[in-house]
There are 2 protein chains.
Amino acid sequence: MSKATINDVAKYAKVSRATVSRVLNQNSKVDAKLRARVLDAITALGYQPNRAARRLRAQSSNVIGLVISDIQNPYFLSVTRGVEDAASAQQMSLILCNSDENPDKERMYLQVMEAERVAGLIIVPAHSDNSQDLNHLKKAGIPIILLDRAVKDVQVDTIRVDNERGSYEAVNHLIGLGYRRIATITGSLQLTTGQERYQGYRTALQAAGMPLNEALVKFGDFKTESGYQLAQELMNATEPPDAIFVANNLMSLGALRALLEQNIRVPENVALVGFDDLPWSGELYSPLTAVSQPTYELGQEAVNLLLRRLANPKAPYLTVVLQPHLIVRASCGVKLRRPANGS
Amino acid sequence: MSKATINDVAKYAKVSRATVSRVLNQNSKVDAKLRARVLDAITALGYQPNRAARRLRAQSSNVIGLVISDIQNPYFLSVTRGVEDAASAQQMSLILCNSDENPDKERMYLQVMEAERVAGLIIVPAHSDNSQDLNHLKKAGIPIILLDRAVKDVQVDTIRVDNERGSYEAVNHLIGLGYRRIATITGSLQLTTGQERYQGYRTALQAAGMPLNEALVKFGDFKTESGYQLAQELMNATEPPDAIFVANNLMSLGALRALLEQNIRVPENVALVGFDDLPWSGELYSPLTAVSQPTYELGQEAVNLLLRRLANPKAPYLTVVLQPHLIVRASCGVKLRRPANGS
DNA sequence: CTGAAAGCGCTTACAG
DNA sequence: CTGAAAGCGCTTACAG
């Protein structure tokens, strides 16, 4: 069965195609009788307007592009959910791509987004230097929202959390509990999240008058395996840390695995605090104290920023910063070090 | 800056639009000199073909629709990754929707898919009775691949795991360890996965000559909260079970949370085996013994089925069944009940 | 191998 | 309020 087109509907309803189009788009007045005939015809023929044709003609799209840097990361479950909900509330669809932290894949997908003439792009950039590609898209008239990470030399709307403050709080919490050899497993300094979370660690130490010990700083890549490796390195050193702040969720899981394998108890032998909460953080071997990001809201706000930009392309660029908050569970050793009712 | 079109490229390269199109689509011979001029023009103008126009004219699309039933479920991290990888290897993009287990949302999204004229649809159906919508799409010429769950009265390609065998193995493993009051928290019988996993439980009991005790059977909805609730119900009964088989990942996490809150030790007080493995199952409070599905392969195979169907629309419909396997960790109590080197 | 022309299914000034 | 007509940016027989 071939698909019904607007012509079929027009014939069936004995009106012009223009009238069918007007009924469909609801923005101009159509006589009630004609409208009824058109609606009948649509149901009778099972008509679905061809969006490719509409997009071509109207030069506007109801598709949002979403480029994620690592679709395996649970962080994006909730972010994507937020984007999807907000988009579908506006009758917009989502094209989803996974750059896999790979600049080449990212470039390819940006070309796809351009070719699709998406209404706008929400992207978690894979690196902080792709200003060229992004600016190209911007010039092509596609609004861009940067999510989670910033990019040098590109002026666009941005939504992210206050990473520095989040890790400051996490590390400060450990300091308050009396830990003195606090290590960090942090992310790549190529990413703004990596920079900012590392900075929060340093600021907290500094504010407490504690020296920065380079032997206690390990740089990972935000993936599970590096958390696993680096936790081993830290614990196998001659002077291991008494606490570790891990800069994202996957590395925290990797670190936890390494500690378990070596029978190092958390928090008795070493305390652990992570960045990014997980829905199952409370059910982990050592329930994880973590900096929780409002991930769902991050996704929603990204769409809001996009809608705002679409409504007013010349509006000044906005950076929206959401606040993370520390969720205290057992892995930081709060029960060992303080009374349970401690503030 | 307005976008370059094929006309601009043609003028710049001093050839016809047809020639530009031929260079772009690589399927017919173009003189090397002309080709070079066209390629130069494309780079010079930063030209990206408009996919909406191509789709309209060529009546073919390089977009795959993916409708997921619950995007919050970690199960789909890996499935989506598999689909994405396989699709991008074929230069195809993904439109992602989340039906949220809601038949109305699902229907709406199926309409979107039809309107987008996607090349094909991969769907995890939200209920087993939407044959009407799916058959409509099928008639409209859009190939459908059912993932994970079957639907009544609709003949299409299907990819799923052997759910009955998976839960049979899980329950049989518990029986082999000597448990005698084995409860199950299973999913809705509206879903084939719910039916099949429940059936596997019953078959295993039956094969062992054990009676089915209805007090030990609880029906959830595959979401965390129901696992939490039903585990409480089971453990608060006058005769609680000595083991629980939970029919999916989220309910397993919920059950684990309930047990932790009540200080019920796993597996010492009650053993736990789940369906669906999680990347962090080994780092859970009680490392979870679980039936692991080949989720990534499920996603990839779904795309393969789709490509096969696209290549040969009249081919007989296929159901591909992948085998799950049991991963034994601590939560089933294997160490309590058997020597560590037991087979 | 190449170009002129038709047409995919819509939307939108334009005229009435 | 309604219809005839033009045109969005492509691809693809068709002719040469």
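So that the names make sense, note that chain A is the first sequence line, chain B the second, and so on, each numbered from 1. Bear in mind the structure is a predicted one, so any value in this text is a computation, not a measurement.
Residues B/Arg51 and B/Ser93 have side chains that bring a donor and an acceptor to within less than 3.5 angstrom of each other.
Each of D/dC1, D/dG9, C/dT12 was ranked by its minimum atom distance to the side chain of B/Asn50; first place goes to D/dG9. The side chain of B/Ala18 sits closest to C/dA4 out of C/dG9, C/dG7, C/dA4. Listed nucleotides: C/dC1, C/dG9, D/dA4. Nearest to the side chain of A/Ser16: D/dA4.
For A/Thr5, no side-chain nitrogen or oxygen approaches OP1 or OP2 of C/dG9 to under 4.0 Å. Of the side-chain N and O atoms in B/Thr19, none sit less than 4.0 angstrom from OP1 or OP2 of C/dT2. Residue A/Arg54 has a polar side-chain atom (N or O) positioned under 4.0 Å from OP1 or OP2 of C/dT11.
The salt bridge (Lys or Arg N to Asp or Glu O under 4.0 Å) test with A/Asp129 singles out one residue from A/Arg149, A/Lys152, A/Arg107, and that residue is A/Lys152.
One can place CD of B/Glu116 at 20 Å from P of C/dC8, the figure rounded to the nearest angstrom. Atom-to-atom, CZ of A/Arg35 to C1' of D/dC1 comes out at 11 Å; the value is rounded to the nearest Å. Atoms CD (B/Gln59) and C1' (C/dG7) sit 10 Å apart, rounded to a whole Å. Distance, A/Leu56 CG to C/dC8 P: 13 Å, rounded to whole Å. Between the C1' atom of C/dT12 and the NZ atom of A/Lys29 lies a distance of 18 Å, rounded to the nearest Å. One atom, CD of B/Glu114, and another, C1' of C/dG9, lie 14 Å apart when rounded to the nearest Å. As a whole-Å value, the separation of B/Arg51 CZ from C/dC10 P is 21 Å. Going from atom CZ of A/Arg17 over to atom P of D/dA5 covers 10 Å, rounded to whole Å.
Smallest separation of non-hydrogen atoms from A/Ala119 and A/Pro143: O-CD, 3.1 Å.
Closest-nucleotide positions on DNA chain C for B/Arg117 and B/Ala32 were compared, and the one nearer the 5' end corresponds to B/Ala32. Ranked by how close their nearest DNA chain D nucleotide is to the 5' end, B/Arg57 and A/Lys14 are led by A/Lys14.
Counting atom types as modelled, B/Arg22 pairs a side-chain N or O with a base atom of C/dG3 as donor and acceptor under 3.5 Å.
No contact: A/Asn7 has no heavy atom under 4.0 Å from any strand.
Atom CD of B/Gln190 is surrounded by 12 or fewer heavy atoms from other residues, nucleotides or ligands within 6.0 Å.
Pairing for C/dA15 goes to D/dT2, judged as Watson-Crick or G-U wobble with the two contacts each under 3.5 Å.
Considering only heavy atoms from C-beta on, A/Ser61 comes within 4.5 Å of A/Arg55 through its side chain.
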